[in-house]
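Start at 1 and go down the list; that is how both ligands and their atoms are numbered. This chain uses plain numbering: 1 for the first residue, then up along the sequence.
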Amino acid sequence: MTMPTQVKLVEVGPRDGLQNEQETIPAAVKIELINRLSAAGFANIEAAAFVSPKWVPQMATSTEVMAGIVRKPGVIYSALTPNMQGFEAALAAGADEVVIFGSASEAFSQKNINCSIAESIARFAPIAYAAKAANLRLRGSISCAFGCPYQGQVTIGNVQDVLRGLRALGCDEIDIADTIGVATAGQVKQVMQAAAEEFPISALSGHFHDTYGQALANIFASLEVGISIFHSSVAGLGGCPYAKGATGNVASEDVLYMLRGLDIDTGIDLDAVVDAGQFMARHLGRKAASRAGNALAAKRV
Ligand code: HMG
Ligand code: MG
């Protein structure tokens, strides 16, 4: 397998990145962040989550955020939709892609979306149907594909089962997610290869949190088996409120720096992403969690 020469990087900072922040971030700040990210060249930005505000208060501004952003032509603005109530809100807000998010772990499914895996697939069916009818892209996400904070081990068979369920719903793209960042490169290759037996590899993505510092290695391992879509978060923001101890997604700046070194094209301007990361870090009052981002920013002054 030769490495892809082009990669699609999905920026998830405005959603996965910010959902875990305790302080409410004003919609205007989220809007500026998203506008900076689209200007930097991201063609797909996860901008919102139409979930229960009781479960994830930070995402309560999603409608306002979607209404306030400058829509850059061609950019896909995605939103999480756990149920029809969320779908209706995402549709009204003008999302280009809706994300149905399930889990390979039964225990995590209960904690995150308050239902079993089987119930989640049944709950997603009307969303999938409505998304197709409205001509929206449909993405599926599989949490805890490499390990679960509640039940521990998750098998490759568990991942393949959910993949088949999401495939049957007509997903255009499916994410294999390491929610708690525990995976290592050998395991990643095995899981990705098994996933590719069930779904076209060109439409599979890797969503790696960097809790154990393995995310870049895991992306490299995924590239080696032919995965060409990855999720990342500017300034390494993030964490899941329902996965205790899970830290941020892999930082977009770090991924871009690695891909640039590998001569893999993304169409994204690393310097502009560094600026966006530093903007967000200033707002949050702490240093960005991006090694490459901070190094590049330090070189400027
Ligand atoms: P539930 O409590 O079982 O839902 O939660 P319900 O249908 O019984 O409704 C309860 C209340 O929530 C009602 O309000 C509903 O109106 C409201 P009340 O009558 O009590 O005032 N409600 C909603 N409000 C706004 N938007 C909605 C919505 N739905 C219900 N869409 C539910 C079930 C799925 C809603 C809840 O568990 C939930 O919102 N979960 C989302 C959790 C979440 O967002 N987690 C983080 C994202 S997943 C993630 O980060 C992983 C990922 O990054 C990949 C990876 O790393 O693994 C994607
Ligand atoms: Mg995540």
*Any side-chain donor paired with an acceptor under 3.5 Å for Asn35 and Ser38?*
no
*What atoms of ligand 1 come within less than 4.0 Å of a heavy atom belonging to Ile113?*
33 (C), 34 (C), 37 (O)
*For ligand 1, note which part of Asp16 has a heavy atom under 4.0 Å away: side chain, backbone, both or neither.*
side chain
*Pick from Phe208, Trp55, Phe108: the one approaching atom 2 (O) of ligand 1 most closely through a non-hydrogen atom*: Trp55
_Does only the side chain of Ser143 get under 4.0 Å from ligand 1, or the backbone, or both, or neither? Count heavy atoms._
both
_Gln278 and Lys287: side chain donor to acceptor below 3.5 Å_ = no
*Less than 3.5 Å between some nitrogen or oxygen of Asn112 and one of ligand 1, yes or no?*
yes
*Could you tell me the separation between the CD atom of Glu11 and the CG atom of Asp16, rounded to the nearest 0.5 Å?*
10.0 Å
*Distance from Phe230 atom CZ to Leu223 atom CG, nearest 0.5 Å?*
4.0 Å
*Measure from the Mg ion (ligand 2) to every N/O/S atom of Asp16 and report the name of the nearest one.*
OD2
*For Ala49 and ligand 1, answer yes if some heavy atom of the residue is under 4.0 Å from a ligand atom, otherwise no.*
no
*Evaluate the ring planes of His231 and His207, with Trp represented by its six-membered ring, and classify them as parallel (under 30°), tilted (30 to 60°) or perpendicular (over 60°).*
perpendicular
*Going by the order shown, which atoms of ligand 1 are within less than 4.0 Å of some heavy atom of Leu80?*
47 (C)
*Heavy atom under 4.0 Å from ligand 1: found in Ser141's side chain, backbone, both, or neither?*
side chain
*Between Asn114 and ligand 1, does any nitrogen or oxygen pair lie at a separation below 3.5 Å?*
yes
*Is Gly238 near ligand 1, meaning one of its heavy atoms is under 4.0 Å from it?*
no
_Is it true that Ser103 and Ser143 share a donor-acceptor pair across their side chains at a distance under 3.5 Å?_
no
*Could you list the atoms of ligand 1 found under 4.0 angstrom from a heavy atom of Asn83?*
27 (C), 28 (C), 29 (N), 30 (C), 31 (N), 35 (C)
_Asp275/Arg300 salt bridge by N-O under 4.0 Å criterion_ = yes
*Subset of ligand 1 atoms that lie under 4.0 Å from at least one heavy atom of Phe101*: 47 (C), 48 (S)
*Polar contact flag for Gly86 and ligand 1 (N/O pairs, less than 3.5 Å)*: yes
*So does Arg167 pair up with Glu173, basic N to acidic O under 4.0 Å?*
no
*asked:* Is it the case that ligand 1 has an N or O less than 3.5 angstrom from some N or O of Arg15?
replied: yes
*Quick one: look at Lys54 and ligand 1, take heavy-atom pairs under 4.0 Å, and tell me if it's side chain, backbone, both or neither.*
side chain
*asked:* So, 2.8 Å as the limit: is an N/O/S atom of His209 located closer than that to the Mg ion (ligand 2)?
replied: yes
_For Ser205 and Asp175, which I'm curious about, is there any donor-acceptor pair between the side chains at under 3.5 Å?_
yes
_With a 4.0 Å cut-off on N to O distance, would you call Asp172 and Lys132 a salt bridge?_
yes
*N-O pairing of Arg137 and Asp96 below 4.0 Å*: no
_ligand 1 atoms in contact with His209 (distance to a heavy atom under 4.0 Å)_ = 56 (O)
*salt bridge (Lys or Arg N to Asp or Glu O under 4.0 Å) between Arg36 and Glu32: does it pass, once the steps are laid out?*
CA-CA 6 Å; Arg36 281 172 176 262; Glu32 173 157 2; 2.9 Å; yes
*At a 4.0 Å threshold, what atoms of ligand 1 neighbour a non-hydrogen atom of Gln19?*
46 (C), 47 (C), 50 (O)
*State whether the shortest distance between N or O atoms of Val56 and N or O atoms of ligand 1 falls below 3.5 angstrom.*
no
*Compare Gln85, Arg123, His231 and give the one whose heavy atom is closest to atom 23 (C) of ligand 1.*
Gln85
*Taking atom OH of Tyr150 as the centre, report whether more than 12 heavy atoms of other residues, nucleotides or ligands fall under 6.0 Å from it.*
yes
*State plainly whether the residues Lys111 and Glu106 are in salt-bridge range, i.e. N to O under 4.0 Å.*
no
*asked:* Show me which atoms of ligand 1 lie under 4.0 Å from any heavy atom of Phe50.
replied: 26 (N), 27 (C), 31 (N)
*asked:* Taking distance alone, with N or O pairs closer than 3.5 Å, would you say Val51 contacts ligand 1?
replied: yes
*Mark up the atoms of ligand 1 that fall under 4.0 Å of a heavy atom belonging to Pro53, in ascending order.*
24 (N), 25 (C)
